[in-house]
Amino acid sequence: MCGRYALHSRPEVIALAFGLSEAPATLVPRFNIAPAAEVLIVRRETGGAPRPALVRWGLLPRWAKDPKRAAKLNNARGETVAEKPSFRDAYRRRRCLVPANGFYEWKRVESRKQPYYVYPAQGELFAFAGLWERWEGASGPLETCAIVTTQANAPMQAIHDRMPVILAPRDYARWLDCSADAEVTDLLVPCRAEVIRVHAVSTAVNRASNDVRELIEPLEQA
DNA sequence: CCAGACGTTGTT
DNA sequence: GTCTGG
DNA sequence: CCAGACGTTGTT
DNA sequence: GTCTGG
């Protein structure tokens, strides 16, 4: 699954990678983004070029009555996203990309949990398949997002059985185009093994308030 | 008809 | 909002 | 995702 | 154990 990630590229690099019509607002480099954080997404509303937006990670369905108590959905299973009441409208009309330099997964080894950092073999940015939603409250709208997950590919399987859907640049436009009822389920598959690299990292990443570049660096092997 | 759920993860 | 269960 | 809290009373 | 906060 995907419960933490990093995004530290400069805004100009992100704008170039995703063909943004405007550069994203100045972003603080983040090495430990956790659910409930404000995160950068790329979306394309009613045609035009892809645009950046900051939304809360943890999708709140439109019909949630009490956003305080409602479950925030960090991930959406690709296998069922088209049918689930919480996701299907967003899946049809509000797809987005979630830029990331890499993500963390924890491997359970007996009673211990070893974190790993997963990052692109080439280039510096992943695009996770995402969904966004807008909840209309008395105090204004609240926009949220979820990251779509799929079965782990071979290298990930050694760590965990799920991973985020990582889209190739050639598929960005098709995922983002929600104007027609285009069929995009074929995109919700594990990426090829060669797309990712993995290394063990310090358990310092466990604490969400730790947010330094060292978190993504490989653990020194004794 | 109304009431209540609506999700993922991991763990057992 | 929409679907399922009672 | 993991870490940390998880409660009431009365008083300041 | 379960929920909330980061």
Side-chain angles (χ1 to χ4, degrees), chain A residues 1-8 27-40 54-95 98 100-119 126 128-137 141-152 156-166 188 190 198-212 214-216 219:
Chain A
M1 110 101 164
C2 182
R4 299 284 182 89
Y5 70 94
L7 180 64
H8 54 74
L27 290 169
V28 179
R30 294 293 312 275
F31 300 92
N32 200 356
I33 298 171
E38 294 293 320
V39 300
L40 177 71
L54 287 175
V55 305
R56 189 173 298 269
W57 183 14
L59 189 142
L60 184 66
R62 307 178 74 74
W63 37 260
K65 290 173 182 68
D66 181 359
K68 287 278 182 195
R69 289 191 307 172
K72 318 298 189 307
L73 307 167
N74 307 324
N75 297 111
R77 292 178 66 90
E79 297 91 330
T80 55
V81 71
E83 290 88 38
K84 292 292 184 183
S86 295
F87 300 130
R88 61 189 170 196
D89 293 346
Y91 173 66
R92 210 165 67 88
R93 294 295 174 198
R94 287 177 297 281
R95 297 191 291 269
V98 182
N101 292 100
F103 62 97
Y104 300 97
E105 289 285 4
W106 281 258
K107 178 181 184 174
R108 286 170 185 275
V109 276
E110 283 140 42
S111 62
R112 295 211 164 275
K113 273 178 274 183
Q114 174 61 53
Y116 291 80
Y117 185 60
V118 186
Y119 58 100
F126 281 144
F128 299 148
L131 312 174
W132 66 276
E133 190 53 278
R134 180 179 287 134
W135 185 87
E136 294 291 345
L142 175 63
E143 293 189 330
T144 58
C145 71
I147 294 169
V148 182
T149 65
T150 187
Q151 193 174 28
M156 282 300 304
Q157 197 81 60
I159 299 167
H160 202 67
D161 62 341
R162 306 289 299 172
M163 71 184 295
V165 171
I166 296 167
L188 302 183
V198 182
H199 61 225
V201 294
S202 162
T203 52
V205 72
N206 291 8
R207 190 185 291 264
S209 56
N210 288 339
D211 187 5
V212 292
E214 287 68 39
L215 297 180
I216 69 173
L219 200 61

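Letters go in sequence order (proteins before strands), and every chain restarts at 1.
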Assign [X] to base, sugar-phosphate, or nothing according to its heavy-atom contacts below 4.0 angstrom with the strands shown.
X        : result
A:Arg30  : nothing
A:Lys72  : nothing
A:Thr203 : nothing
A:Phe87  : sugar-phosphate
A:Asp161 : sugar-phosphate

Could you tell me the separation between the [atom1] atom of [X] and the [atom2] atom of [Y], rounded to the nearest 0.5 Å?
X       : Y        : atom1 : atom2 : answer
A:Arg4  : A:Asn32  : CZ    : CG    : 5.0 Å
A:Glu38 : A:Leu40  : CD    : CG    : 11.0 Å
A:Leu27 : A:His8   : CG    : NE2   : 12.5 Å
A:Arg30 : A:Asn101 : CZ    : CG    : 12.5 Å

Give the dot-bracket string for DNA chain D, reading 5' to 3', where a pair is Watson-Crick or G-U wobble with both distances under 3.5 Å, ( ) marks pairs inside the strand, [ ] marks pairs crossing earlier ones, | marks a partner on another strand, and . marks unpaired. ||||||......
Relative to each other, are the rings of A:Tyr119 and A:Tyr117 parallel, tilted or perpendicular (30° and 60° limits)?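 Aromatic pair A:Tyr119/A:Tyr117 classed parallel.
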Where does the angle between the aromatic ring planes of A:Phe103 and A:Phe128 fall among parallel (under 30°), tilted (30 to 60°) and perpendicular (over 60°)?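 Correct class here is perpendicular.
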Sort and list the pairs that fulfil salt bridge (Lys or Arg N to Asp or Glu O under 4.0 Å) and have at least one residue in residues 198-207 of chain A, not counting sequence neighbours.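 Not a single pair qualifies under salt bridge (Lys or Arg N to Asp or Glu O under 4.0 Å).
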Rounded [atom1] spacing from [N] to [M] in Å:
N     : M     : atom1 : answer
E:dG5 : D:dT8 : P     : 16 Å
E:dC3 : B:dC6 : P     : 14 Å
C:dG1 : B:dT9 : C1'   : 26 Å

Which nucleotides of nucleotides 1-6 of chain E have their base under 4.0 Å from a protein heavy atom (B), which only their sugar-phosphate (S), and which neither (-), written as one string 5' to 3'? -----B
Could you list all the side chain to side chain donor-acceptor pair (under 3.5 Å) pairs where at least one residue sits in residues 80-89 of chain A, not counting sequence neighbours?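 Every pair satisfying side chain to side chain donor-acceptor pair (under 3.5 Å) with a residue in residues 80-89 of chain A: there are none.
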Ring pair (Phe, Tyr, Trp, His ring centres under 6.0 Å) contacts in which one or both residues fall within residues 58-91 of chain A, not counting sequence neighbours: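 Passing the test, one end in residues 58-91 of chain A: no pairs.
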Would you please indicate yes or no on a ring centroid separation below 6.0 angstrom for A:Tyr116 and A:His199?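 No, the ring centres sit 6.0 Å or more apart.
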Nucleotide range of DNA chain D contacted by chain A, 5' to 3', under 4.0 Å to a heavy atom?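 Reading along DNA chain D, I get D:dC1 to D:dG4.
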Would you check if there is a donor-acceptor pair between the side chains of A:Thr144 and A:Arg56 at a distance under 3.5 Å?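 There is no such pair between these side chains.
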